[in-house]
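Working notes for the structure below.
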Amino acid sequence: MKLLKALENIRERIRSFYPIELLFANLKYNLVSLIYWYILFSIVNGGFGNNFGVPFLFLSPEYLGEVSVWAFIILGFSFGGFSIGFLTYSYIKLGPRYPFLATVARPFFRFSINNSIIPIIFIIFYCIKMADFQINEELASSWDVFKYIVSLLSGISLFILFSLLYFFPISKNLSIIPLEENSNNPIASIVNKNDKWYDYFRKDKKRRYYYFGKGFKINQSRIVSHLHREVVEQVFSKNRINAFFFEIITIVAFICLGFFIDYKVFEVPAAMSIVTLLTILHMLYSALSSWFNFWIWPVLIVGLLVVNFISVHYDLFRYTSYAFGLNYDSDKRIPYNIEEIKNNCTESTLLNSSKESYLTLLNNWKSKQKEEKPKLVILNTTGGGSRSALWTFLVLDKCNKETNNKISSNMQMITGASGGMVGAALYRELMLRKKMGQIKPEDFIKHASNLSKDMLNKLSFSASTNDLLMRYKKYKYNNINYTKERGAAFEAHLHQNTNNLLEHNLGYYTKPEKNGDIPVMIFSPTIVNDGRRLIMASQKMNFLNSSKTIQKSSTYENIDYLSFFQKNDPSSIRFSSVLRASATFPIIMPMITMPTIPEIQLMDAGIRDNHGGKLTVDYLFSLKDWIKENTSGVVIIECRDKRKLLKDDKFEQISLVEKIFVPFLNMVYNFEKVQIYNQEQLLKLCETSFEFPVDIVTFNLRQSKKDKISLSWRLTKKEKQKINNAINNKENKTALNRLINLIK
């Protein structure tokens, strides 16, 4: 009995310490806020978004192209905003449970000081993780880490100071001497007609808490059983209104920042944009819950259903992401139905004219070769953000130099997905400018570093400000106004990083490709509505459907972009919009809407063909007769971001919970492997179907799991080193020697 009594006393003492009491109260009554904190803790710890490099955005924020004290000040400012948002909502949610706050000066401030355990633990945890990352991954010095920590704390303090300047003048003690509660009306007391929403929680009025008071001294709270209901109501009602308006002001201020996205100084770190987005969502929920209280979830669900209905039947809330340069006039919209698709895939005039035009292109390409029957080189490049963009560029540059420029002259077609196509597009542009005498061969490698620059800051900032509630900015391209959103921000960042070398429309490349000066690039973004592929190139590609089997088929998989959208000025589309259509990774960038009825949405080419192998097989089958007569065979260069089978790949026992979800997530986990299996089967068919040799030379970036590089549009210094060093590893050197022997 004595032991139980002692334990009970210990428990009571612990519960009487107000910061601990608030920690338990958050766990019990404030799970919404704790979910947001869990997301931040998980990101910093590498458990959330690790494959996509999200933790790196937090642990190594970039501002104006470099990791600096300003980057950490800005990130710290956003952490301060998130913390104040948490404290504000917690006060609204939990404050009325502790009526003694009505007896202290500045109740919101006192509550916040005592409710700061979670924010303080997070900041300490973040600083430890950040210091470790900076030293080991970004190769920073201890002095740099110290500056970053001081800068982070300065940013946090700056927002807290801003908040206090708002709350201090309006959160004063009422200086009212509490009186005994009026009990002259026992019937009213029984039926609780005058009770307020928080009175239910004021049961334990004699409990006294030890809290951090003025000067951070530990004070004991007063007994509040004698307080007038009106006194408590006045204090908390006033502070709830103040907190509500503070949340609204903060939300509006963050959203208004979106007006300044075009100014370089507002290219804030992507991590700040993520924290800002979480802060806005949290504060919006808090503001709405202060109005609707227990009705908040029914209101949100009904609101979502209403918005969804409006978005289907009206333009409001549709959030269209445009392909810049394309004509979206209502009278130019094409019906998207089986008949239109069938005509595009089987109409003999389109098939024959596109093939004749492409055969002319191939003859022009051949006329520029030194051999009578040259090797036709095809590049297949994989998706994978900045890592694949940089890797593809480096592989092409290395192969070209080691083969005395034969790769650039023999390469006829490029296809693939996402980041790899971005790297290939930049290299092809440099090839063209070299032929035009605008750059020298030694200048190529200088542009490689541009592909590893951050491309997330503008995109993330637009997503957290302009894209969140309404897209209120416009963008003019070729004298056509489009709604501006994070897709436009990505394109702007791409052009900024690449010195505007790719700032052309798609039609700009028609003539150089036709003349055989540069290889043809074929993009194949996925049509989300039905899973088909939109084949986008500066040449008409209807002939890819010229097989008799395809014409008799009922699926009509490949839709030619130029012919299907001939009414919409298809060649005027901005080339970076074509790149974006092929690299629209889910959530990160919005799906591109095309001018059809009903509207179709384009998504990453990697959903259907992440390595370009499927489209390459279509290409070879469609042109096999010409290739047989005019070449000595085909060499396919594969630029993969990792080996098909990683050296240290292993399998683990499936747990009970995993057994429930694995059947549903199987395609997600094995998505890339399924594509590899299918493409290997197609290539086996090629071996027996063609009367010319088809050789595949593969360059792999990652050899094992420990060489992991994030799938992101941002790379760390160590990741850049890994990519630069990978071209010289033993396996890739062997592949390079084989390539040299094949095309000499």
Side-chain angles (χ1 to χ4, degrees), residues 345 351-352 354-382 399 403 406-407 409-416 513 516 519-522 524 533 535 537 539-553 555 557-558 560 608-640 644 675-699 735 738-744:
C345 295
L351 298 178
N352 295 333
S354 65
K355 188 164 187 176
E356 288 175 7
S357 178
Y358 203 87
L359 290 176
T360 301
L361 182 152
L362 286 172
N363 288 324
N364 291 337
W365 167 82
K366 184 185 175 184
S367 68
K368 296 182 183 293
Q369 307 303 314
K370 296 178 180 179
E371 300 89 352
E372 181 182 351
K373 284 195 170 187
K375 286 285 188 180
L376 187 147
V377 177
I378 294 174
L379 173 67
N380 285 354
T381 180
T382 185
C399 292
T403 59
K406 287 203 69 176
I407 290 298
S409 63
N410 285 47
M411 188 172 292
Q412 203 288 312
M413 193 271 279
I414 298 172
T415 191
E513 289 181 357
V520 175
M521 288 195 77
I522 307 177
S524 56
R533 297 187 299 174
I535 307 302
Q539 315 294 326
K540 289 185 178 179
M541 308 301 295
N542 304 78
F543 67 86
L544 292 179
N545 295 312
S546 60
S547 168
K548 292 181 180 179
T549 303
I550 294 175
Q551 292 184 59
K552 293 177 181 178
S553 168
T555 57
E557 179 184 12
N558 298 325
D560 177 67
R608 292 291 317 279
D609 191 7
N610 193 45
H611 307 93
K614 194 173 187 303
L615 194 141
T616 295
V617 172
D618 286 339
Y619 177 91
L620 294 177
F621 269 102
S622 299
L623 300 169
K624 60 182 180 180
D625 293 335
W626 187 93
I627 294 173
K628 174 189 172 184
E629 295 297 326
N630 294 276
T631 73
S632 58
V634 173
V635 176
I636 300 174
I637 299 176
E638 288 187 332
C639 285
R640 291 182 172 271
K644 295 178 182 178
Q675 287 196 7
I676 292 172
Y677 300 151
N678 290 339
Q679 289 182 12
E680 283 189 346
Q681 187 176 27
L682 287 173
L683 291 172
K684 286 179 181 178
L685 289 173
C686 292
E687 292 178 1
T688 57
S689 301
F690 300 140
E691 298 180 37
F692 52 84
V694 177
D695 295 288
I696 301 173
V697 180
T698 304
F699 294 89
R738 180 165 176 259
L739 177 64
I740 294 171
N741 292 327
L742 284 170
I743 66 169
K744 66 181 180 180

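Panel note: side chain Arg738, backbone Ile696; a donor-acceptor pair is recorded below 3.5 Å. A donor-acceptor pair under 3.5 Å is formed between the side chain of Lys406 and the backbone N or O of Ile743. Between the Glu638 side chain and the Phe699 main chain, no donor and acceptor come within less than 3.5 Å of each other. Looking only at distances, a side-chain donor or acceptor of Lys355 sits under 3.5 Å from a matching main-chain atom of Ser622. The main-chain N or O of Phe543 is found under 3.5 Å from a side-chain atom of Ser354 such that the two form a donor-acceptor pair. With Glu629 contributing its side chain and Asp625 its backbone, the two residues share no donor-acceptor pair below 3.5 Å.
The pair Lys540-Glu356 fails the salt-bridge criterion, with no side-chain N (NZ, NE, NH1 or NH2) lying under 4.0 Å from an Asp/Glu carboxylate O. Between Glu557 and Lys614, at least one side-chain N (NZ, or NE/NH1/NH2) sits under 4.0 Å from a carboxylate O, which counts as a salt bridge. Comment: Asp618 engages Arg533 in a salt bridge, judged by a side-chain N to carboxylate O separation of less than 4.0 angstrom.
For Lys368, the NZ atom sits in a packed shell: over 12 heavy atoms of surrounding residues, nucleotides or ligands are nearer than 6.0 Å.
Interatomic distance, Thr381 OG1 to Ile637 CD1, rounded to the nearest 0.5 Å: 11.0 Å. The NZ atom of Lys624 lies 6.5 Å from the OG atom of Ser689; values are rounded to the nearest 0.5 Å. Going from atom CD1 of Ile522 over to atom CD1 of Ile535 covers 7.5 Å, rounded to the nearest 0.5 Å. Interatomic distance, CD of Gln539 versus CE of Met521, reported as 13.5 Å (0.5 Å rounding). The distance from atom CG of Leu544 to atom CG of Leu620, rounded to the nearest 0.5 Å, is 10.5 Å.
Across Ser632 and Pro693, no two heavy atoms sit closer than the pair O-CG, 3.4 Å. Between Leu351 and Cys345, the shortest heavy-atom distance links the atoms CD2-O, 3.6 Å. Heavy atoms only, all atoms of each residue included: Thr698 and Ala735 are closest at O-CB, 3.4 Å.
A donor and an acceptor atom, one from each side chain of Asn410 and Lys375, are nowhere located under 3.5 Å apart. Thr616 and Asn380 form a side-chain donor-acceptor contact under 3.5 Å, judged by distance and modelled atom types alone.
Residues satisfying the salt bridge (charged side-chain N to carboxylate O under 4.0 Å, His left out) criterion with Lys373, sequence neighbours excluded, are absent altogether. With sequence neighbours excluded, the residues satisfying ring-ring contact (aromatic ring centres under 6.0 Å, His included) with Phe692 are Phe690.
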Stepwise side-chain hydrogen bond (donor to acceptor under 3.5 Å, both in side chains) test for Thr382 and Asn610:
CA-CA 6 Å; Thr382 185; Asn610 193 45; 3.3 Å; yes

Report the C-alpha separation of Tyr358 and Glu513 in whole Å, then their side-chain angles, then the decisive distance to 0.1 Å, and conclude whether the side-chain hydrogen bond (donor to acceptor under 3.5 Å, both in side chains) test is met.
CA-CA 10 Å; Tyr358 203 87; Glu513 289 181 357; over 6 Å; no

